[in-house]
2 protein chains.
Amino acid sequence: METGTPAPRRRMRADARRNYERLLTEAASAFAEHGADFSLEEIARRAGVANGTLYGHFPTRRALLEALLGDRMRALAATGEELLADPSPFDGLAAWARTAMAHTTVYRGLGAALMEAVEDETSELHTACKAVLAAGEELVARARAAGEVRTDVTAPDLYALVNAAAWAGEQSSAAQGERLLTFGLDGLRSSATTRPVAPRPAGGAGLA
Amino acid sequence: METGTPAPRRRMRADARRNYERLLTEAASAFAEHGADFSLEEIARRAGVANGTLYGHFPTRRALLEALLGDRMRALAATGEELLADPSPFDGLAAWARTAMAHTTVYRGLGAALMEAVEDETSELHTACKAVLAAGEELVARARAAGEVRTDVTAPDLYALVNAAAWAGEQSSAAQGERLLTFGLDGLRSSATTRPVAPRPAGGAGLA
DNA sequence: ACCTGAACACCGTTCAAGT
DNA sequence: ACCTGAACACCGTTCAAGT
């Protein structure tokens, strides 16, 4: 389902395309191993191109991240839509949050980039972040309407929670990050209902 | 109660002492304005000393942070001890967490430094972090014993929560950070008891 | 169209030489 | 005992010159 490195948007000269792909490949493994703040100069070196070539293809680090993660992030948003069909609004939301956190932990430092990008309209990652946020909003709205989370919970709350938990995971251990996510998700629950098991109206997951 | 810049540990030559204090003063305002990752070279420049002088007094950025924050952090730990007398174990814990978060937000990027230092025994900030962690542990233990938080909640959980909330506050808004802390704290509560109002045995806050 | 590599303005850290 | 400032090895980003 994954095509390895994503294709550039438009037709390119053969050598340009080769450089483009080499840069993405090296960036992917460098980011995976050393985090999203890894030296761009070193990435260019590893790809065997001049530093100027890297900037030609990716004017900023965020552009590089977008090329690497954009598709994945849109897939994450799509997963959110699917989870709207989960019989339990809260469980659907929680499952999605865990998936989102897994995506965020592919590169160390990614949570910070995603937090910044969602509020910065000039960021190349902004559109993808907004899509993720929108998916979260739908899940939150449904859980809110079902009385399974506090009435004041927002999509930015969920977004911040996921990224903060991912961040904490980077700083200490992945397990610690997951614990934080668990606590945070539990804290979103409506304090009125202890455990929103609810009557559940026999059928599916309506509520357009 | 605060003496401005903390005094150096031992007697120093007059010029050394002056440089030491100038460096601390400049570092404090630079960190406050631009975060704890601000250029050390620029701090030395602002203090009117050579960069080597800065490294002479503070071999690492963490040493500088320790000089600036050590006392404050020990005071935070002391506040934790005091809050052990709070009639409500959970409220005491929560109040302390909010105080801790306020301390963490004095410099942008401080949460990351504190998360790193608590696990790095070679860090000059390590002792201070451990003191804070120990205070948290006592508060957590009391709340746990009182059945007001889950039985599996640990001091590192609380520590990570505070720093992660502070981090989130830096990335978006202080309000968002506080919301996250609220959710997180609520998530620490024992899921068995909805609201642990408890009979409360008339008197104070025993439980040695 | 695209690539190159030097140029510029920064870093953190170390260390010989001074006083 | 302490300070200085150059030295070293890095960054990110830009841009003239090439092909």
Side-chain angles (χ1 to χ4, degrees), chain A residues 7-27 30-31 33-67 107-109 112-113 116-117 120 122-125, chain B residues 7-27 30-31 33-67 107-109 112-113 116-117 120 122-125:
Chain A
R9 310 162 218 312
R10 274 210 145 276
R11 276 246 145 243
M12 295 169 64
R13 228 166 59 182
D15 58 338
R17 155 135 221 163
R18 232 188 29 157
N19 287 339
Y20 179 93
E21 272 163 8
R22 282 189 179 176
L23 283 165
L24 279 185
T25 303
E26 292 303 329
F31 286 169
E33 196 172 354
H34 300 105
D37 295 318
F38 190 76
S39 163
L40 296 180
E41 202 169 338
E42 176 65 22
I43 288 172
R45 258 191 303 265
R46 294 185 183 187
V49 304
N51 50 4
T53 302
L54 187 153
Y55 283 92
H57 285 292
F58 309 103
T60 178
R61 164 172 259 117
R62 294 180 301 268
L64 194 43
L65 286 170
E66 207 288 328
Y107 304 149
R108 204 150 37 80
E116 193 199 333
D120 177 8
T122 76
S123 169
E124 294 89 344
L125 272 166
Chain B
R9 310 161 220 310
R10 274 209 146 276
R11 276 245 143 243
M12 297 170 63
R13 228 167 58 182
D15 59 337
R17 156 135 220 166
R18 232 188 30 158
N19 287 339
Y20 179 93
E21 271 163 10
R22 280 189 180 177
L23 283 166
L24 279 185
T25 303
E26 291 304 328
F31 286 168
E33 197 172 355
H34 301 104
D37 294 318
F38 190 76
S39 164
L40 297 181
E41 202 169 337
E42 177 64 21
I43 288 173
R45 258 191 304 265
R46 293 184 183 187
V49 304
N51 51 4
T53 301
L54 188 153
Y55 283 92
H57 285 291
F58 310 102
T60 177
R61 164 172 260 116
R62 292 180 302 268
L64 195 42
L65 286 171
E66 207 287 329
Y107 303 148
R108 202 150 39 79
E116 193 199 333
D120 176 8
T122 76
S123 168
E124 293 88 345
L125 272 167

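Order of the sequence lines sets the chain letters (A, B, ...), proteins ahead of strands, with each chain counted from 1.
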Show me the protein contacts with nucleotides 15-19 of chain D, counting only N or O atoms at under 3.5 Å.
none

Interface polar pairs with nucleotides 8-11 of chain C, N/O, under 3.5 angstrom:
from, atom 1, to, atom 2, distance (Å)
C:dC11, OP2, B:Arg45, NH2, 3.2
C:dC11, O5', B:Ser39, OG, 3.3

For residues 54-64 of chain A, run the donor-acceptor check on the side chains, cut-off 3.5 Å, and write out each pair with its distance to 0.1 Å, sequence neighbours left out.
from, atom 1, to, atom 2, distance (Å)
A:Arg61, NE, A:Ala36, O, 2.8
A:Arg61, NH2, A:Asp37, O, 3.1
A:Arg61, NH2, A:Phe38, O, 2.1
A:Arg62, NE, A:Glu124, OE1, 3.3

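A:Arg22 meets the salt bridge (Lys or Arg N to Asp or Glu O under 4.0 Å) test with no other residue; sequence neighbours excluded. Applying the salt bridge (Lys or Arg N to Asp or Glu O under 4.0 Å) criterion to B:Asp15, with sequence neighbours excluded, gives B:Arg13. Evaluation of the side-chain contact (heavy atoms from CB on, under 4.5 Å) rule for A:Glu26 yields A:Ser29, A:Ile43, A:Arg46, A:Ala47 as partners, not counting sequence neighbours. Every side chain to side chain donor-acceptor pair (under 3.5 Å) that B:Arg45 has, sequence neighbours left out, goes to B:Glu42.
Here C:dC2 presents its P atom at 12 Å from OH of A:Tyr20, a figure rounded to the nearest Å. In this structure, the CG atom of A:Leu54 is 15 Å from the P atom of C:dG5, given to the nearest Å. With rounding to whole Å, A:Glu21 atom CD is found 12 Å from C:dC3 atom P.
For C:dC3, one of the phosphate oxygens OP1 or OP2 lies less than 4.0 angstrom from a side-chain nitrogen or oxygen of A:Asn19. OP1 or OP2 of D:dC3 has at least one side-chain nitrogen or oxygen of B:His57 nearer than 4.0 Å.
Scanning both residues, B:Ala44 and B:Leu23, for their nearest heavy atoms gives CA-CD2, 4.1 Å.
Summary of the strand contacts: A:Pro59 and B:Ala50 both lie near DNA chain D, and taking for each the nucleotide with the nearest heavy atom, the more 5' one is attributed to B:Ala50.
DNA chain D contains the following stems of three or more consecutive Watson-Crick or G-U pairs, with both distances under 3.5 Å: C:4-8 with D:12-16, C:12-16 with D:4-8.
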